[in-house]
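Taking it in order: structure first as C-alpha cells, then the write-up.
Proteins come first, then strands; the chains are lettered A, B, ... in the order of their sequence lines, and each starts at number 1.
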Amino acid sequence: MNALQSRVRARWGIVALVVVAILGAIVFALDRFVLSVSPLLGPGLAVVLLVLVVVYVQALYRSWGYRLDDDALELERGVITSVETAVPYVRVQHVDTQRGPLDRLFGLGRVVVYTAGSRGADVTIPGLEPNQARELRNRLRDLAIESEPEDAV
Amino acid sequence: MKLHPLSAVTQSLQRGLVAASMAFVLTGVGRVAAPDLLGSFGLVAGLFVLLFVVGVAYGVAYYYRFDYTLTPDTFDVDSGVFGRQEREIPYRRIQNVDVTESILHRVVGVAIIEIETAGGSGTEATLNFVAADEASRLQREIRGRKTRTGDGDTTEADAETSERGTTDAAAGPAETRHTDPEAAADRLSRQGDLEPETTLFELGSAELLVLALTSFQLASIAFLLFGFPIVEDLVVGLFARLTGIESPVDALTGTPDLAVLVGLLAVAFAAVTVWAVSSVVTFLQYYGFTLGRQGEDLVYERGLLQRYSGSIPTDKIQTLTIRENVLMRALGYAGFTVETAGYSPGQSDQGPQSAIPLADRERTLSLARELEPFDELSFTRSPRRARRRYAVRYTLVVLVLTALTAGLSAAVSGFELWYLPLALLVAVPPAAHLKWKHRGYCVGDDHFLVRDGFWNQTTRIVPYYRLQTVIRRRTIFQRRLNLAHLTADTATASLLGRTDATAYDIEADAAEDLYNLNRERLQASLHGRQ
C-alpha cells in the first residue's frame, strides 16, 4: 500500500483547527452571555478537541493507503470504520485530478475515480503531489482502456 | 414530430394559471411597499389577466418549439422556447421506455412517454403527452431499432452495458435476439391490444388480493398525515354520536399518563388505517398486471385507474431482488424486482421495477431463474456473536428511550409512566435472533447472493459480471468481534431507504476471501467472453 504525502496531515489539521476554533468561540460566547459557568469553558473544550483532532488526523493518515493491483485500484482508509474498496479498472468511467485552494497552498492534489456504481460511485485519493496525482490519473486512464474486455487480447 | 395538440391546451392553461397566481404574490408585495398605489381591485385583475396571457403564450410557444424525431440511430428531442436544447439519444443506450396514462389521459386517449438512459440526473426525455397509439408506436419503434442497432455492435463505452457473460445467462435473450422486430411491431399496432410475444406471467385475482393485503406503501403514511386533519372533525363527531361521549378529546388527554395510553391506541388505529390505505393503493397499482417477453425486452403493464406500461431490457439487468415480507412468507408467496441503471437516485417514485409483484414462491424463483440462472439458495449465516451485537444494540436503544421518558417525567408533573419503554426489553432477544436468522450470503457459480430483513426480507442476486466495486468495512466494534460487512456494488440507482447487496456482520476472514473472490470472478467472467 502506498501512503499519502505526510503534509496532508497539516492540510486536514488546518480544516479541523478552524472548526475547533469556531466551536470554542461559540461555547465561550454561550458561557459569557447565558451560562456563566467559567470563562475557561470554551478554551478548555477547544484544547480537548484539539488533542483529539491531532490524534485522529495522525490515525487517519496511518490508515490511508492505495495500491494499483493487477485488476483493480485498492483503497484502504478509516479510523472508526475501516473501509477497503476495490475498483476494477474495467469499471472506471472517468478520472479527475482536483486541486482546491488549500491543496494548492500545501502543494497537494487529489485524484477522483468515478464508477457507475450506486455506492462509492466516486472514490477520492487525497494528499498526493500534483505530479503524482497527474501520473496516477494517466495510469488509471491507461489501465481502464487496457482492461476494456473487447480490446483485450 | 409534435406532441399531441391537446397538450398545448393543457400545458398552456397550466402555465397560464401558474403565471397568473404570481399576480397575487406581486400585489401582496406591492401593497406592503407602496400601499396607496397598488390597492385597487382593477390592478390585481389586470395583472392577473396579463400574466395569464403571458403564461398561455409561453405554453403555446413551447408546444410549437418542441419536436421529436426518430432517426436511424438516435431519438432526437429539440425543445425550449428561449434557450434551445437539442438532445440525441442513441437507441442502444436507452435503458427503459415507460408509458404512463392517468385516468384523465385514458378518457382522452393520450399518454406520457419517459425515456431513461444510464447517465444523467433525471429522465432523459419526457413527451408530455402524445396520443396513445403514437405512444405504443414509439415504444415499439424504439425497441425495434434498439435490437437492430444492437446487433453486430458490441463495443460499448459505458461499463454496465457491455459485460454480458458468455455463461448460460446470455443464452436466454440470445435465442430471442433475432426475432424479426417488424413482425413484432405488427402485432403491436395499438396500445389497447399491446400483446407481448410471450406472456410470462399474469397476476391472478387471488394473487392481487394477497398482494394488496400484504403490501405496505410508504405513501399511505403521507396520506394519513395530510388526510386525517381534514376528516378529524367528522371522525370525532361520529365517535361522539355513536358512543354518546361528548368532546372525548379533552377528557381522554386529561392527565399525561392518559394521554400516553390514548397515544398508543391512536398509533394502533393509525397502523390499521395505513394498512387499509396501502391495500387500496396497491390494488389500484397492480390491477391487471401482466409481464411478457418481446425480443430482448420484458414488457409489463399494470394499473386500474392509472395505466402504466414499461420495458425492462433483459441484457441490462443489474441485479434481481426477491422480496417477501413476513406476511407473504407465512402464506408461501414471494415477488421479485429487477434493477437497471436507467433510473436516477432522485426518482424515488419510480423505484426498481416489479417484474413479478407476487406469485407462488416456487413460481417466482423459477421465473427469476429464467432471467438470471442462479443456483440453489443455501445461505451462510453470520456467526453467533453477531446476534449478541444486535441484542446489545437494541438494548441500548431501549435504554436511551427510557432515559428520555424519565427525563420527560421529571420535567412534566403527573407523568409517571416513564418506565413504559422498558417493556420493550422483552422483545430484544427475539428481535436480535430474528435479525440474525434472516441475514446471510451465498456464493454461487455466477452470482453472489445476500439476504437480509425479517419484516421485509430481500434476497439480492448479483451476477459477478455486473460488479462495479467491492467494499469491505469494519467498525471499531466489529474489529473487536472479528466481523465485517461486505458490499458488492452494482450500477443501480441508490434510492432512499434501499440498501446495496451487503453481507452484514460476516466473519472477517470470510469477508476478506469474498472480497478477493468477487474480484476474481468478475475478471473471469469478463475474460470468459473472449
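- With a 4.5 Å cut-off on non-hydrogen atoms, Asp69(A) touches chain B through its side chain but not through its backbone.
- For Phe477(B), no part lies near chain A; criterion is any non-hydrogen pair under 4.5 Å.
- No hydrogens or angles considered: a donor-acceptor pair under 3.5 Å links the side chains of Tyr390(B) and Arg439(B).
- A side-chain donor from one of Thr337(B) and Arg323(B) sits under 3.5 Å from a side-chain acceptor of the other.
- The residue from Glu520(B), His447(B), Arg521(B), Arg519(B) that alone fulfils the side chain to side chain donor-acceptor pair (under 3.5 Å) condition with Tyr464(B) is Arg521(B).
- A cation-pi geometry, defined here as NZ or CZ lying under 6.0 Å from the six-membered ring centre and within 45° of its normal, does not hold between Arg32(A) and Phe28(A).
- Among His485(B), Gln478(B), Arg479(B), the residue making the largest number of heavy-atom pairs under 4.5 Å with chain A is Arg479(B).
- In this structure, chain A has no heavy atom under 4.5 Å from any part of Leu486(B).
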